[in-house]
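Before any comments, here is the structure.
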Amino acid sequence: MTDPIQHPMAMDGKDIRNLRGDPIDAERYFSRDFMKQEWDQLWTKIWHIAGRESQLEEAGDYLVHTFMRESVIIAKQHDGSLKGMYNVCAHRAQRLVWDSGSLDQFFCPYHGWTFDLDGTLIDLPDRDDYPQGDPCGKVNLIEVRVATWGGFVWYTMDDDAPELLDYLAPLPDLYKNHPMEKLLRVKWVKVDLDCNWKFWSDNFNESYHTRTAHKQVAPTIDQDHFTSRYEMFPNGHARIIQMGRPSLRDRVPAGEHHPFDDVLRAWDIDPDQYPDYETKAMQGWRDLKDAKKRLWKEKGHLHYEHMNDEDLTESPFTHCFPNISFGTSADGVALFRWEPHPTDPEKCVFDYWVMTYPIEGEESYVGRTATVAVDVKEAELEHMSYDGGKGITDESLIDSVVYQDWSLNAGQTEGWHSRGYQEPYMAAQESRVRKWHENLNDYLAGNPPGR
Ligand code: FES
Ligand SMILES: [Fe+2]
């Protein structure tokens, strides 16, 4: 367990000298033409997450990832490898399957062509009626590139995209101490939202809004901008590392229950031993690191084995350009992913996965800023529509930080259409937002960063 060091690829994510200063026009949040450019130059070039590796255990298990009008299949092969292909019949373009599942072969419901798990055409009706030659083994599904990292299954539609680990760099390096392939997805939610997808790229690239919108966070995660570390990376990824201790600025009022007390007690530390708020926050935080290093095995936190001081207590929030963010703690990962609606630039689909490491004897898990526990077992997908808040009835969601963000979508969307829209006047701690748009602009100009 060594001390963290700043990764050599990191730029200071709070230093405006790392920005060009590209303007952020409002039109990009609703223009159909802009949406088309994003499809052509961004979505067809990046790596996407199709699902978790744990969904592909046996040969024949397959994932379907439908993205806007596109759809791909990733199937587990008999030799254990993964193969990706467009979900479109090689005969006359019928979609083959609509949902993830398990099959021995893919059978087209239109004229009955049958494809092997690797996309090879193996059978069809009236096979002798092809004067141009038997299509079997010749007219196959079109392949997409597949790779894995962190227990996630990724694919890209771009044959020239960098290898996944190069594309993600340095994220695999930053999280090498976290056994993310062992994470169990205990909450799996998809929510239809009424806003452009880039609301989320903006939102997850700054923590300036958290003091206003997420007041429940400051008692356990120090959100103060002057105690956090900001990093931006050449490929477009970025992160903020906030300390896993109470803010000394936004304090829990005297006499009220302090959630950090529960965190300390869970590691056999008596919160009442500290003479004042400040000592509890600062010394308690150091004591927590020591306790975790001492007691991890005894308490069954086997996933701590390779974690360092930073991994054990801090709260890094990582953006994986352009549409995935994840909040990491020693005990789990909350993954957020947002994708455009197939046709409407003012709608998007939001994925929220709560993932944790199974610990023997622990049957429920409470995320770091949550109050409602979820069962530690593989979750089923729940798909809902936000619908002005009316579509969300699940208590653990209403309680969540993302719900508070969802409620801000409508107001932002109206603002982008206003004649009163102004070029954003941003704080240094929002630098990652402008950088994000600069990276997007580079993609749209055919010049993806890091290539
Ligand atoms: S479109 Fe699939 S068999 Fe004809
Ligand atoms: Fe937020």
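This is a predicted model, so every value here is computed, not measured. Quick note: residue numbers are just sequence positions, from 1. Both ligands and their constituent atoms are indexed starting at 1 by order of listing.
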Aromatic contact between Tyr208 and His225, with the criterion being ring centroids under 6.0 Å apart: yes or no? no
Looking at the rings of Tyr167 and His237, which for Trp means the six-membered one, are their centres under 6.0 Å apart? yes
Does the pair Glu38/Lys198 count as a salt bridge with the N-to-O cut at 4.0 Å? yes
Residues Glu314, Arg229: salt bridge by 4.0 Å N-O rule: no
Report for atom 4 (Fe) of ligand 1, protein N, O or S closer than 2.8 Å, by chain and number, lists His91 ND1, His111 ND1
For Asn87 and His65, run side chain to side chain donor-acceptor pair (under 3.5 Å): C-alpha distance rounded to whole Å, both residues' side-chain angles, the deciding distance at 0.1 Å, then the answer. CA-CA 9 Å; Asn87 185 6; His65 185 235; over 6 Å; no
With the Fe ion (ligand 2) at the centre, find the angle made by OD2 from Asp405 and NE2 from His214, to 10°. 100°
Is there a side chain to side chain contact (heavy atoms under 4.5 Å, CB included) between Met85 and Phe115? Walk through the geometry before answering. CA-CA 11 Å; Met85 48 229 141; Phe115 302 88; over 6 Å; no
